[in-house]
Undergrad: 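I have a structure I would like to understand better, so I am pasting it below and will then ask my questions one at a time.
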Amino acid sequence: MAVYLTLTAAVLILALKVDNHIYAKQQITGHIANGTDRRKAQNIAAALGIYILMAAVSALRIAVGNDYWVYRENFKLIYAGRDVASEPGFNFIVYWMQKIWGYDNYLPIFGLFSVVTVAFMVKALYDQAEWFFGSLFLLLTSGYYFSSLNSVRYYLVVAMVMYATKYLLREEYLKFVLWIAFAALFHKSVLLVIPAYLILYWLSEKKLKPWVIAAGGALIASMILFQDVYRKIIFLFYPFYEESAYDTGSISVVNVGMGLCCLVLCFLCYGVWKDDNPHIRFYVWVNAAGLIINTFGSFIPEVTRVGNYFKVIQVFLIPALLYHLPDGRWKKLLIAGTAAAFLIYFAFFLKTAYDVDIRLLPYRNWIFD
């Protein structure tokens, strides 16, 4: 645990040196200015330091994560040409990494996916987070970064979704679609993001009308009444999930609670996104979609993973809401309350990280262990 706490403190101290609000605004709108200055150089240096620290902790791990050794066995099966459930992009890289480094030399494979996943995470924050420190704080305390030490393929594509979102906000739809399609080579469930995000972006550009509310109600009703239909569709793509250990029919109360609390914060900061800041309106819609999935999607195997494609946008949404609030006591109160809530969640996350079905702790690395 000391490694995780030390890493968190170190990268957050570096994040205090990153003031990329103007750059992020340019990235979101697509109006990117040329040239360099002292501030930009300082931002890049601090962000690079953050990346190196996070990538090192991730890449140097060994036997961390409940699926670490499962992945190792799959690596060997892929090299032998056996059928595995993972997607072709992942299989291709795993096969050729073993061609280069040797059969069952799994450390370079984990290392490669680690540095790439963290690269997408940090780059996404640098390009899109108007309050970099706040977004990095949430990325860490929400557990997204630390969970990426587990579920290698899944968190790679989550990071790619974070990165690709800026293209949607800039209305560069083809780039957005191509990035998500590329991510699907590593986890095909991410294809859900293409229609969902496009629809949510379109809705965020419109005024809320009665038919939109009615359509949302109909969607929720269908998720309650027609679960068997949805399940048949899901199992066409993931037949091995049916009646598996992942098909539990349960939901995460914590995820539902976090979504609700975020929605409350959106209403408290309504003036921030009502007329201005259209990108924040999109984030609000994505959070609402994630809340619906996490609340009514118990029939979906591994519903938390599906919900995380939407919930992860909180990393951008919450800091943006707080950043744009007028300075004063109310802003300080909301920032303090939000920070306290996520620190409490982080403490519970670290406590459960020792569980046998998670095993993110104790942390070990291949240099000293």
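Numbers for residues simply follow the sequence, beginning at 1. A quick note: this is a predicted structure, and the numbers were derived from the prediction, not measured.
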Undergrad: Please check if Val3 and Val118 belong to a single hydrophobic cluster, counting links between Ile, Leu, Val, Met, Phe, Trp and Tyr side chain heavy atoms closer than 4.5 Å.
TA: yes
Undergrad: Distance-only check: which donor-acceptor pairs under 3.5 Å involve side-chain atoms of residues 292-303, not counting sequence neighbours?
TA:
residue	atom	partner	partner atom	Å
Asn294	ND2	Gly290	O	3.2
Thr295	OG1	Leu291	O	2.6
Glu302	OE2	Arg305	NE	3.2

Undergrad: To the nearest 0.5 angstrom, please state how far the CZ atom of Arg72 sits from the CG atom of Asn105.
TA: 10.0 Å
Undergrad: Looking at every heavy atom in both Asp104 and Gln98, which two are closest together, and how far apart are they?
TA: N-OE1, 3.0 Å
Undergrad: Decide yes or no on side chain to side chain contact (heavy atoms under 4.5 Å, CB included) for Ile199 and Trp285, but give the supporting numbers first.
TA: CA-CA 10 Å; Ile199 292 170; Trp285 276 94; over 6 Å; no
Undergrad: Among the clusters formed by ILVMFWY side chains lying less than 4.5 Å apart, do Met162 and Leu178 turn up in the same one?
TA: no
Undergrad: For the CH2 atom on Trp69, are there more than 12 heavy atoms of other groups (residues, nucleotides or ligands in this structure) within a distance under 6.0 Å?
TA: yes
Undergrad: Should Val264 and Leu260 count as side-chain neighbours, where that means a heavy-atom distance under 4.5 Å?
TA: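 Val264 does not reach Leu260 side chain to side chain.
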Undergrad: Mind checking whether Ile180 and Met160 have side chains closer than 4.5 Å, heavy atoms only?
TA: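 Heavy-atom side-chain distance check fails, nothing below 4.5 Å.
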Undergrad: Run Gln27 and Gln128 through side chain to side chain contact (heavy atoms under 4.5 Å, CB included) and show every step you take.
TA: CA-CA 7 Å; Gln27 286 288 321; Gln128 199 172 320; over 6 Å; no
Undergrad: Under the ring pair (Phe, Tyr, Trp, His ring centres under 6.0 Å) test against Tyr79, which residue among Tyr106, Tyr95, Trp101, Trp96 passes?
TA: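 The single option meeting the ring pair (Phe, Tyr, Trp, His ring centres under 6.0 Å) with Tyr79 is Tyr95.
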Undergrad: How long is the straight-line distance from OG1 of Thr8 back to CD1 of Ile13, given to the nearest 0.5 Å?
TA: 11.0 Å
Undergrad: Which heavy atom of Ala59 sits nearest a heavy atom of Trp366, and at what distance?
TA: O-NE1, 3.5 Å
Undergrad: Going by heavy atoms in the side chains, are Tyr4 and Leu149 under 4.5 Å from each other?
TA: yes
Undergrad: So Tyr201 and Glu171, side chain to side chain contact (heavy atoms under 4.5 Å, CB included) or not? Walk me through it.
TA: CA-CA 9 Å; Tyr201 181 76; Glu171 298 186 354; 2.9 Å; yes
Undergrad: Just by distance, with hydrogens left out, do Tyr309 and Ser189 show a side-chain donor and acceptor under 3.5 Å apart?
TA: yes
Undergrad: Does anything in residues 331-360 form a ring pair (Phe, Tyr, Trp, His ring centres under 6.0 Å)? List the pairs, not counting sequence neighbours.
TA: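 Checked against ring pair (Phe, Tyr, Trp, His ring centres under 6.0 Å) - neighbours excluded - the pairs reaching residues 331-360 are Phe146-Phe346.
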Undergrad: Can we call the ring centroids of Phe110 and Phe75 under 6.0 Å apart?
TA: yes
Undergrad: Mind checking whether Phe113 and Phe186 have side chains closer than 4.5 Å, heavy atoms only?
TA: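 Side chain of Phe113 against side chain of Phe186, heavy atoms only: contact under 4.5 Å found.
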Undergrad: Show me the donor-acceptor pairs, under 3.5 Å and distance only, between side chains in residues 312-325 and residues at least two apart or in other chains.
TA:
residue	atom	partner	partner atom	Å
Gln314	NE2	Asn287	OD1	2.9
His324	NE2	Glu130	OE1	3.3
His324	NE2	Glu130	OE2	3.0

Undergrad: Between Tyr163 and Phe120, how do the two ring planes meet: parallel, tilted or perpendicular, split at 30° and 60°?
TA: perpendicular
Undergrad: Run the side-chain donor-acceptor check on residues 357-364: report pairs under 3.5 Å with partners two or more places apart or on a different chain.
TA:
residue	atom	partner	partner atom	Å
Arg359	NE	Val356	O	3.3
Arg359	NH2	Asn66	O	3.2
Tyr363	OH	Val57	O	2.6

Undergrad: Any chance NZ of Lys17 has more than 12 other-residue heavy atoms, nucleotides or ligands included, within less than 6.0 Å?
TA: no
Undergrad: So which atom in Ala183 and which in Val157 form the shortest heavy-atom distance, rounded to 0.1 Å?
TA: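 For Ala183 versus Val157, the nearest heavy atoms are O-CG1, 3.2 Å.
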Undergrad: Could you tell me whether the side chain of Thr117 reaches within less than 4.5 Å of the side chain of Tyr154, counting heavy atoms only?
TA: no
Undergrad: For Glu73, which residues count as a side-chain hydrogen bond (donor to acceptor under 3.5 Å, both in side chains) partner, sequence neighbours excluded?
TA: Lys76
Undergrad: Report the distance from atom CG of Leu200 to atom OG of Ser204, rounding to the nearest 0.5 Å.
TA: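 The OG atom of Ser204 is 8.0 Å from CG of Leu200, to the nearest 0.5 Å.
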Undergrad: Is there side-chain contact between Tyr197 and Val161, with at least one heavy-atom pair below 4.5 Å?
TA: yes
Undergrad: Can you name the nearest heavy-atom pair linking Ala46 to Leu14, along with the distance?
TA: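 It is CB-O, 3.6 Å.
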Undergrad: Nearest 0.5 Å, please: how far is CD in Gln26 from NZ in Lys166?
TA: 12.0 Å
Undergrad: Quick one: OH on Tyr230 to CE on Met223, what's the gap to the nearest 0.5 Å?
TA: 6.5 Å
Undergrad: Identify whether the distance between the nearest side-chain nitrogen and carboxylate oxygen of Asp228 and Lys232 falls below 4.0 Å.
TA: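 Not counted as a salt bridge, because no side-chain N and carboxylate O are separated by less than 4.0 Å.
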Undergrad: Do Ile109 and Leu112 have side chains that approach each other closer than 4.5 Å (heavy atoms only, starting at C-beta)?
TA: no
Undergrad: If you compare all heavy atoms of Leu125 against all heavy atoms of Leu139, which two are closest, and at what distance to 0.1 Å?
TA: CD1-CD2, 4.0 Å
Undergrad: Please report the C-alpha distance between Ser58 and Val115 in whole Å, then the side-chain angles of each, then the deciding distance to 0.1 Å, and finally whether the side chain to side chain contact (heavy atoms under 4.5 Å, CB included) criterion is met.
TA: CA-CA 7 Å; Ser58 182; Val115 298; over 6 Å; no
Undergrad: Taking the side chain as every heavy atom from C-beta outward, state whether His279 and Leu169 have any pair of such atoms under 4.5 Å apart.
TA: yes
Undergrad: What's the shortest heavy-atom distance between Val18 and Ala47, and which atoms?
TA: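 Taking Val18 first and Ala47 second, the nearest heavy atoms are CG2-N, 4.2 Å.
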Undergrad: Return the set of residues passing salt bridge (Lys or Arg N to Asp or Glu O under 4.0 Å) with Lys175 (not counting sequence neighbours), or none when no residue passes.
TA: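 Counting only residues at least two positions away or on another chain, Lys175 forms a salt bridge (Lys or Arg N to Asp or Glu O under 4.0 Å) with Glu172.
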Undergrad: Can you tell me how far apart CG (Leu16) and CZ (Phe132) are? Round to the nearest 0.5 Å.
TA: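 That separation rounds to 10.5 Å.
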